[in-house]
K.L.:
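What follows is a single structure, and I will ask about it in a moment.
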Amino acid sequence: MSEEVGFIGLGIMGRGMVSNLLRAGFPVRVWNRTASRMDEVVQAGATAGASPADVAANSTIVISCVSDTPDVEKVVLGENGIIEGAHEGLIYIDNSTIKPVAARRIAEKLAEKNVFALDAPVSGGDIGARNGTLTIMVGGDASALEKVMPVFQAMGKTVTHVGDAGAGQVAKAANQIMVAAQMVAMGELLVFSKKAGVDPRKVVDAIKGGAAQCWTLDVKPPRLFDGNRNPGFKAYMQLKDLNIILDTAKEYDIPVSGTEENTRLFQQMIDLGMGELDNSAVVGVIEKLAGVEIV
Ligand code: NAP
């Protein structure tokens, strides 16, 4: 295998993705802002890099998975960023969820250094990252995608080329419209059942095979019934994604009234100090409004 893979950002998602790249046999050089978070993957066979620039200089494919738009801009275009390690043939992949307009700008900047950029946000959560079953939606050059496909296949099970630079991030924003709506709907149905006097566990069992079936209803209620509201996907990241949707909707004059309402609930969640909890813990806001707890 001739590819050398670089990976920037060892958060909840990055750690699982790097483990799967190592398992697939890729040599992986990593960098994380908090250096101690590199220990676990270094023990599993990765090499610790000195900076994003160093990782890019020593890789043929360099991947980032960090929090938000300014963070991606920093690790790519900032001091000691990927752009400083750019070289002929390097392909850059961003698996973070950021604004489509920023993904296009980054692709243009890297193109000036003859580096192809693919915006390739992912869906499937911490479980998908750990199990290598992520859904990956890709914007950018088709020949670059073909070249990096084995890397995507090590991390995910569904890879779709949706269009040019930024298209992957548009698809991810669309995905997050649905995810936020599912989280809020699940929270409402659990509180609704409880306050109307029916065991929410029984309700979930009754409906999860019917028309309400979805990833959220499959995965989240068992965790919530166990009192587990740990991330997963942090609520403040969900709010970040909702704001990406609202910004993009404003840019294109798209009505998104349901998403505006869901954004208000997630904003309330953050205001109540629950931003580090899982996005499914939005049920906590609905519990407070209703004055009941689901367990
Ligand atoms: P996380 O656990 O909070 O990790 C965030 C990572 O980004 C950490 O490695 C952090 O470094 C790094 N980082 C943040 N700001 C940085 C900066 N300015 N410079 C350098 N590094 C920086 O988040 P996550 O859940 O892995 O999410 C990462 C991305 O994947 C996000 O865009 C998120 O929306 C997306 N995503 C997440 C999920 C999910 O279920 N968790 C699912 C799909 C997509 P430190 O360790 O130093 O803090």
Side-chain angles (χ1 to χ4, degrees), residues 1-32 41 44-47 49 52 55-56 58-67 72 75-76 82 86 89-98 100 102-104 106-107 110-111 115-176 179 215 233 241:
M1 197 174 294
S2 60
E3 301 296 357
E4 305 267 338
V5 181
F7 204 105
I8 316 289
L10 301 172
I12 291 176
M13 297 301 281
R15 285 197 296 275
M17 292 155 92
V18 166
S19 299
N20 284 315
L21 289 168
L22 290 169
R23 219 167 282 143
F26 289 103
V28 186
R29 183 177 293 258
V30 296
W31 180 83
N32 194 66
V41 293
T47 305
V55 170
N58 289 288
S59 304
T60 55
I61 298 168
V62 62
I63 304 172
S64 60
C65 191
V66 296
S67 304
V72 174
V75 300
V76 179
I82 287 169
L90 179 68
I91 297 177
Y92 166 62
I93 299 169
D94 183 28
N95 290 137
S96 325
T97 304
I98 65 167
R104 286 184 206 114
I106 289 167
L110 288 174
V115 173
F116 279 119
L118 297 172
D119 50 295
V122 300
S123 177
D126 55 324
I127 301 170
R130 271 200 308 278
N131 295 347
T133 55
L134 291 169
T135 292
I136 308 177
M137 41 217 105
V138 189
D141 181 79
S143 64
L145 171 57
E146 201 181 317
K147 191 143 184 263
V148 304
M149 193 53 99
V151 162
F152 282 144
Q153 280 163 344
M155 303 190 293
K157 75 168 187 323
T158 311
V159 183
T160 308
H161 187 215
V162 273
D164 295 336
Q169 294 295 354
V170 171
K172 173 70 193 205
N175 179 81
Q176 292 305 78
V179 169
W215 184 87
F233 183 49
D241 293 356

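Sequential numbering from 1 along the given sequence is applied to the chain's residues. Hydrogens, waters and symmetry mates play no part in the numbers below; they use all other heavy atoms, side chains included.
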K.L.:
Work out which heavy atom in L21 is nearest to a heavy atom in A154; give both atom names and the distance.
P.N.:
CD2-CB, 4.0 Å
K.L.:
Could you name each residue pair satisfying salt bridge (Lys or Arg N to Asp or Glu O under 4.0 Å) that touches residues 136-153, not counting sequence neighbours?
P.N.:
none
K.L.:
Could you check whether any side-chain N or O of R15 sits under 3.5 Å from a backbone N or O of L10, counting only pairs where one atom can act as donor and the other as acceptor?
P.N.:
yes
K.L.:
Taking C-beta and beyond as the side chain, do L145 and F116 meet within less than 4.5 Å on heavy atoms?
P.N.:
no
K.L.:
How far apart are the closest heavy atoms of A129 and M13, and which atoms are they?
P.N.:
CB-O, 3.7 Å
K.L.:
Is there a side-chain contact (heavy atoms from CB on, under 4.5 Å) between V138 and V159 once you walk through the steps?
P.N.:
CA-CA 7 Å; V138 189; V159 183; 3.9 Å; yes
K.L.:
Would you check if there is a donor-acceptor pair between the side chains of E4 and S59 at a distance under 3.5 Å?
P.N.:
no
K.L.:
Compare every heavy atom of V55 with every heavy atom of R29, then report the nearest pair and how far apart it is.
P.N.:
O-CG1, 3.6 Å
K.L.:
Does any N or O in the side chain of K157 come within less than 3.5 Å of the main-chain N or O of T135, such that one atom is a donor and the other an acceptor?
P.N.:
no
K.L.:
Could you pull out all residues at least two apart from R104 that satisfy salt bridge (charged side-chain N to carboxylate O under 4.0 Å, His left out)?
P.N.:
none
K.L.:
Any non-hydrogen side-chain atom of I91 less than 4.5 Å from a side-chain atom of L118?
P.N.:
yes
K.L.:
Does any N or O in the side chain of Q176 come within less than 3.5 Å of the main-chain N or O of D241, such that one atom is a donor and the other an acceptor?
P.N.:
no
K.L.:
Please report the C-alpha distance between Y92 and S64 in whole Å, then the side-chain angles of each, then the deciding distance to 0.1 Å, and finally whether the side-chain contact (heavy atoms from CB on, under 4.5 Å) criterion is met.
P.N.:
CA-CA 8 Å; Y92 166 62; S64 60; 2.6 Å; yes
K.L.:
Please tell me if the side chains of W31 and V75 come closer than 4.5 Å, counting only heavy atoms from C-beta onward.
P.N.:
yes
K.L.:
Tell me which pairs pass salt bridge (Lys or Arg N to Asp or Glu O under 4.0 Å) where either residue lies in residues 130-140, with sequence neighbours left out.
P.N.:
D126-R130
K.L.:
I want to check something: taking the side chain as every heavy atom from C-beta on, are P150 and F26 in contact at a cut-off of under 4.5 Å?
P.N.:
yes
K.L.:
I'd like to know whether L90 forms a side-chain contact (heavy atoms from CB on, under 4.5 Å) with T60, so could you lay out the CA-CA distance, the side-chain angles of the two residues, the decisive distance to 0.1 Å, and finally the verdict.
P.N.:
CA-CA 5 Å; L90 179 68; T60 55; 5.7 Å; no
K.L.:
Please tell me if the side chains of I8 and V62 come closer than 4.5 Å, counting only heavy atoms from C-beta onward.
P.N.:
yes
K.L.:
Rounded to the nearest 0.5 Å, what separation is found between the OG1 atom of T47 and the CG atom of N58?
P.N.:
9.5 Å
K.L.:
Can you tell if the side chain of N32 reaches within under 4.5 Å of the side chain of V30, non-hydrogen atoms only?
P.N.:
no
K.L.:
Do side-chain atoms of D119 reach the backbone of G166 as a donor and acceptor pair under 3.5 angstrom?
P.N.:
yes
K.L.:
Indicate the atoms forming the closest heavy-atom contact of G125 with L134, along with that distance.
P.N.:
O-CD2, 3.8 Å
K.L.:
With side chains defined as the heavy atoms from C-beta onward, is the minimum distance between N95 and M155 less than 4.5 Å?
P.N.:
yes
K.L.:
For residues T160 and I136, determine if any side-chain heavy atom of one lies less than 4.5 Å from a side-chain heavy atom of the other.
P.N.:
no
K.L.:
What are the two closest non-hydrogen atoms of Q169 and T97, and how far apart are they?
P.N.:
OE1-CA, 3.6 Å
K.L.:
Have T133 and N131 got a donor and an acceptor in their side chains that come within less than 3.5 Å?
P.N.:
no
K.L.:
What are the two closest non-hydrogen atoms of V18 and V28, and how far apart are they?
P.N.:
CG1-CG1, 4.2 Å
